[in-house]
2 protein chains.
Amino acid sequence: MKKDKVMDLFVGYLREKVLQITKQREEIFRCFLSTDTHLSVEELYSLVRKKDPKVGQTTVFRTLKLLCEADIAKEVDFGGRVKRYEVKYGHKHHDHLVCTKCGEFIEAVDERIEELQDKLCKKFGFIPF
Amino acid sequence: MKKDKVMDLFVGYLREKVLQITKQREEIFRCFLSTDTHLSVEELYSLVRKKDPKVGQTTVFRTLKLLCEADIAKEVDFGGRVKRYEVKYGHKHHDHLVCTKCGEFIEAVDERIEELQDKLCKKFGFIPF
DNA sequence: ATTGAATCTGAAATTCAATTTCAAAAAGAG
DNA sequence: CTCTTTTTGAAATTGAATTTCAGATTCAAT
Ligand SMILES: [Mn+2]
Ligand SMILES: [Mn+2]
Ligand SMILES: [Zn+2]
Ligand SMILES: [Zn+2]
């Protein structure tokens with residue numbers, strides 16, 4: 001299974017930054033990886049609380065930040081004011097088409113668009129995200 | 001000058017919706033059109049206050065909404081939590097490359113990208129924004 | 001094991017843009 | 001003018017995100 005490898009990546013990141021591998025961080029990590037959706041912090045917090053009601057929301061915020069830094073999670077902006085996060089590890093880059101009315105979305109990639117975007121970015125000194 | 005035409009558009013929109021053409025709405029309209037930047041509400045509010053310190057921030061919010069509905073303004077999302085607005089009337093569609101670190105941005109369009117994006121949207125039943 | 005320092009946690013407070021509320025002011029109808 | 005509707009803006013509220021800080025936990029050195 002892939003999960004062990006991601007866990008290794010997380011553990012590696014924490015070691016590198018001399019941070020501790022705590023119960024809370026492990027639980028949040030597990031809950032996050034157990035989904036394949038685009039979670040808000042609140043939604044992840046709910047999941048975590050089902051497993052351990054004592055984990056604080058603040059820690060969820062903080063751990064998601066760590067997961068992003070470790071390239072395991074990726075912040076995705078769906079236009080609203082709530083940040084959402086998806087699993088990045090093991091998932092190819094993709095774009096989102098989001099309905100501005102109802103929030104419905106789909107994931108899609110067009111290689112030609114990506115290529116042209118890369119060129120456009122390079123031309124202006126930006127690095128595609 | 002172009003401004004008269006835009007003003008006509010605004011007035012027309014207000015008439016259509018049976019809304020009044022007030023001092024405040026006129027002033028906010030003028031201040032907004034006097035810039036060619038990507039203003040936050042706060043920034044526009046500052047401009048308006050210089051002309052008339054009695055106008056309230058709430059009215060700036062409300063009027064920007066009207067300007068968007070009238071297709072004179074366009075909300076642009078630069079990734080932060082502050083909404084920004086640019087003049088839409090008389091400006092061609094364009095995309096923004098935004099630096100996620102410093103916020104610096106440039107406007108650019110690539111016709112081929114646009115075309116492919118349109119196709120991609122159509123394929124999935126979305127309407128490009 | 002004991003101690004002391006550093007790290008981590010989570011409730012609570014704070015921030016800040018955005019929205020809502022509501023009473024007063026202004027505008028329009030008759 | 002009088003009555004009704006619309007508009008306004010100060011103040012209150014919301015809600016996600018961040019900050020604060022005292023207590024809990026972990027780690028290292030004895
Ligand atoms: Mn892409
Ligand atoms: Mn475009
Ligand atoms: Zn996705
Ligand atoms: Zn622009």
Side-chain angles (χ1 to χ4, degrees), chain A residues 10-11 13-32 38-70 73-85 100 103, chain B residues 10-11 13-32 38-70 73-85 100 103:
Chain A
F10 191 35
V11 170
Y13 179 79
L14 293 175
R15 289 246 171 78
E16 187 192 321
K17 296 284 175 179
V18 201
L19 298 170
Q20 289 164 193
I21 300 150
T22 63
K23 257 184 252 309
Q24 291 91 330
R25 283 173 181 165
E26 281 186 280
E27 192 55 73
I28 293 165
F29 169 87
R30 265 196 301 276
C31 286
F32 178 64
H38 302 67
L39 292 170
S40 66
V41 174
E42 265 308 302
E43 288 163 354
L44 180 55
Y45 178 43
S46 286
L47 288 181
V48 172
R49 257 188 317 195
K50 281 187 208 154
K51 298 285 180 179
D52 180 354
K54 301 169 78 187
V55 176
Q57 182 210 40
T58 319
T59 305
V60 176
F61 268 101
R62 288 190 280 231
T63 305
L64 266 175
K65 206 178 184 185
L66 293 176
L67 289 170
C68 286
E69 288 164 14
K74 184 180 195 304
E75 192 185 312
V76 288
D77 184 356
F78 276 20
R81 53 249 129 258
V82 225
K83 290 181 184 170
R84 299 193 159 271
Y85 299 84
T100 55
Chain B
F10 191 35
V11 169
Y13 179 80
L14 293 175
R15 288 245 172 77
E16 187 192 320
K17 296 284 175 180
V18 201
L19 298 171
Q20 289 165 195
I21 299 148
T22 63
K23 256 185 253 310
Q24 290 91 330
R25 284 174 181 163
E26 281 186 280
E27 191 55 73
I28 293 165
F29 168 87
R30 264 196 302 276
C31 286
F32 178 63
H38 302 67
L39 292 170
S40 66
V41 174
E42 265 308 304
E43 288 163 356
L44 180 54
Y45 178 42
S46 285
L47 288 181
V48 172
R49 257 190 317 196
K50 280 187 207 152
K51 297 285 179 178
D52 180 355
K54 301 168 79 187
V55 176
Q57 182 210 39
T58 319
T59 305
V60 177
F61 268 100
R62 288 190 281 231
T63 305
L64 265 176
K65 207 178 183 186
L66 292 175
L67 289 170
C68 285
E69 288 163 14
K74 184 180 195 305
E75 191 185 313
V76 289
D77 184 356
F78 276 21
R81 59 240 134 262
V82 230
K83 290 180 182 171
R84 299 194 158 270
Y85 298 85
T100 54

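- Across the protein-nucleic acid pair, B:Tyr45 atom OH and D:dA10 atom C1' stand 10 Å apart, rounded to whole Å.
- The B:Arg62 side chain lies nearest to D:dT8 when the options are D:dT6, D:dA17, D:dT8.
- Relative to the six-membered ring of A:Tyr45, A:Arg49 meets both conditions, a distance below 6.0 Å and an angle of at most 45° to the axis.
- Base pairing analysis places D:dT30 opposite C:dA1; the two distances defining the Watson-Crick or G-U wobble pair are each below 3.5 Å.
- Contact annotation: B:Lys83 does not reach the phosphate of C:dC16 (side-chain N/O to OP1 or OP2, under 4.0 Å).
- Rounded to an integer number of Å, the gap from CD of B:Glu42 to C1' of C:dA17 is 8 Å.
- Counting only heavy atoms from C-beta on, A:Val82 has its side chain closest to D:dA16 among C:dA17, D:dA16, D:dT8.
- Distances from the side chain of A:Phe61 to the nucleotides D:dT26, C:dA18, D:dT18 place D:dT18 closest.
- Counting non-hydrogen atoms under 4.0 angstrom, B:Thr58 reaches a base of the nucleic acid.
- A close approach under 4.0 Å does occur between a side-chain nitrogen or oxygen of A:Thr22 and OP1 or OP2 of C:dT9.
- In terms of position along DNA chain C, the nucleotide closest to A:Gln57 lies nearer the 5' end than the nucleotide closest to the other residue of the pair A:Arg81 and A:Gln57.
- Ring centroids of A:His38 and A:Tyr85 are separated by 6.0 Å or more, keeping the two rings apart.
- As a whole-Å value, the separation of A:Lys54 NZ from D:dA24 C1' is 11 Å.
- For the pair A:Glu27 and A:Cys31, the minimum side-chain heavy-atom distance is below 4.5 Å.
- Using a 4.0 Å heavy-atom cutoff across all strands shown, B:Arg25 reaches sugar-phosphate atoms only and no base atom.
- The shortest distance between side-chain heavy atoms of A:Lys51 and A:Val48 does not fall below 4.5 Å.
- For D:dT8, the OP1/OP2 oxygens have no side-chain nitrogen or oxygen of B:Thr59 closer than 4.0 Å.
- In this structure, B:Gln24 reaches the sugar-phosphate backbone alone: every heavy-atom distance under 4.0 Å involves primed, P, OP1 or OP2 atoms, never a base.
- Of the two residues near DNA chain C, B:Lys65 and B:Lys23, the one whose nearest nucleotide lies more 5' is B:Lys65.
- Atom P of nucleotide D:dT26 and atom CG of A:Leu14 are separated by 15 Å, given to the nearest angstrom.
- Here the P atom of nucleotide D:dA17 and the CD atom of A:Glu75 are 8 Å apart, to the nearest Å.
- Ion pairing between B:Lys23 and B:Glu26 fails under the 4.0 Å rule for side-chain N and carboxylate O.
- In this entry the distance linking CZ of B:Phe78 with P of C:dA17 reads 17 Å, nearest Å.
- Straight-line distance from the CG atom of B:Asp52 to the P atom of C:dA26: 12 Å, rounded to whole Å.
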